[in-house]
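So the structure is just underneath, and the comments pick up after that.
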Amino acid sequence: MANSGIQLLGFALSLIGIIALIIGTILPQWKMSAYIGDNIITAVAMYQGLWMSCAFQSTGQLQCKIYDSILQLDSALQATRALMIVGIIVSIAGLGVACMGMKCTTCGGGDKVRKSRVAMTGGIILLVGALCAVVACSWFAHNVIRAFYNPYTPVNTKFEFGAAIFIAWGGSLLDVLGGAMLASSCPRKKQVAKYPSMGGPARTAGSTKEYV
């Protein structure tokens, strides 16, 4: 059986990872203006996220605008949004399943083998959700890098990584670690002796001889 301490640690890491995924998905700093070339000094810093784009002025004002239409967005951004949402939903579902199978909970009765299997299933679901988030972040980062090194991209429109994508990456890593710890709750089969012990029958035979 898996140690309950490992299950608690995996649950805590997964919970922190899900919170980081939600925060990273909401924040607009997935990519920010790259200060290269003649764009070193500028009065406005541009940020773009999955749901909105923001402009931070040197005066301290922040203006954000939510994307008007989903159909106007490029396919890469739409796929990233979908994968992040699916990853968060699947991770939350996996965390709930794993919670029912943990040793410190009373859900599922007193069958330890069944609870361990439930916790293992929750860990596997968490790994699937974390994989969706990792693919989304990596795909978005690949598009940013490709546009940055594209010689036909104007210097003033080049972007680099923002803080939100690193938060989402960190949350995905925590989900992977927590899901792996919970998935290690696979129950081990009990080894049953094929032959009975020799002590019992010998004493029984001796006791019958005394009565005869």
Side-chain angles (χ1 to χ4, degrees), residues 12-95 125-180:
L13 291 177
S14 301
L15 181 60
I16 298 174
I18 292 174
I19 295 174
L21 286 179
I22 296 174
I23 294 175
T25 304
I26 296 175
L27 289 177
Q29 291 90 356
W30 276 68
K31 60 180 182 180
M32 57 183 295
S33 301
Y35 301 103
I36 58 176
D38 298 333
N39 197 27
I40 297 178
I41 301 176
T42 180
V44 180
M46 299 298 298
Y47 298 98
Q48 290 186 6
L50 302 181
W51 310 98
M52 65 184 72
S53 60
C54 298
F56 183 77
Q57 300 179 0
S58 58
T59 57
Q61 297 179 352
L62 180 65
Q63 297 179 351
C64 296
K65 180 182 178 181
I66 300 176
Y67 299 136
D68 297 329
S69 176
I70 299 178
L71 299 178
Q72 293 180 353
L73 302 176
D74 57 344
S75 58
L77 184 57
Q78 293 181 12
T80 303
R81 290 169 65 169
L83 284 173
M84 289 301 296
I85 293 174
V86 170
I88 292 173
I89 294 175
V90 173
S91 298
I92 292 175
L95 191 65
I125 296 175
L126 274 167
L127 289 176
V128 173
L131 180 62
C132 292
V134 169
V135 171
C137 296
S138 301
W139 192 2
F140 189 90
H142 171 71
N143 292 329
V144 173
I145 294 173
R146 186 177 60 180
F148 184 85
Y149 288 106
N150 188 357
Y152 298 102
T153 303
V155 177
N156 295 332
T157 60
K158 289 188 176 183
F159 290 88
E160 58 185 1
F161 298 151
I165 191 172
F166 292 106
I167 295 175
W169 258 327
S172 304
L173 178 60
L174 292 177
D175 260 358
V176 169
L177 293 176

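Between L177 atom CG and L127 atom CG the span is 9.5 Å, to the nearest 0.5 Å. In this structure, CD1 in I85 is found 6.5 Å from CZ in R81, a value given to the nearest 0.5 Å. To the nearest 0.5 Å, atoms CD1 (I165) and CG (L50) are separated by 9.0 Å. Once rounded to the nearest 0.5 Å, the distance linking CE of M84 with CH2 of W30 reads 4.5 Å. Distance check, rounded to the nearest 0.5 Å: OG of S138 to CG of L131 gives 9.5 Å. Atoms CG and CG, from L173 and L13 in turn, are 9.0 Å apart once rounded to the nearest 0.5 Å.
Residues W51 and P28 have side chains not in contact (no heavy-atom distance under 4.5 Å, counting atoms from C-beta outward). Taking the side chain as every heavy atom from C-beta outward, F161 and I145 approach each other to under 4.5 Å. Residues C137 and F166 fail the side-chain proximity criterion, which asks for heavy atoms closer than 4.5 Å. Two residues are said to be in side-chain contact when any heavy atoms from C-beta on lie closer than 4.5 Å; F159 and S33 meet this criterion.
The main-chain N or O of M52 is never found under 3.5 Å from a side-chain atom of Y47 such that the two would form a donor-acceptor pair. With hydrogens and angles disregarded, a donor-acceptor distance shorter than 3.5 Å links the side chain of K158 to the backbone of F148.
Of all the heavy atoms in A130 and S91, the pair that sits closest is N-OG, 3.9 Å. Closest of all the heavy-atom pairs between L83 and A136 is CB-CB, 3.6 Å. In plain terms, the two heavy atoms of L126 and S14 that are nearest each other are CD1-OG, 3.4 Å. For the pair A168 and L21, the tightest heavy-atom approach, listed with the atom from each and the gap, is O-CD2, 3.4 Å. Summarising the geometry of A20 relative to I167, their closest heavy-atom pair is O-CG2, 3.4 Å, with the distance given to 0.1 Å.
For I125, the side chain to side chain contact (heavy atoms under 4.5 Å, CB included) partners at least two apart in sequence or on another chain are V90, V97, T121.
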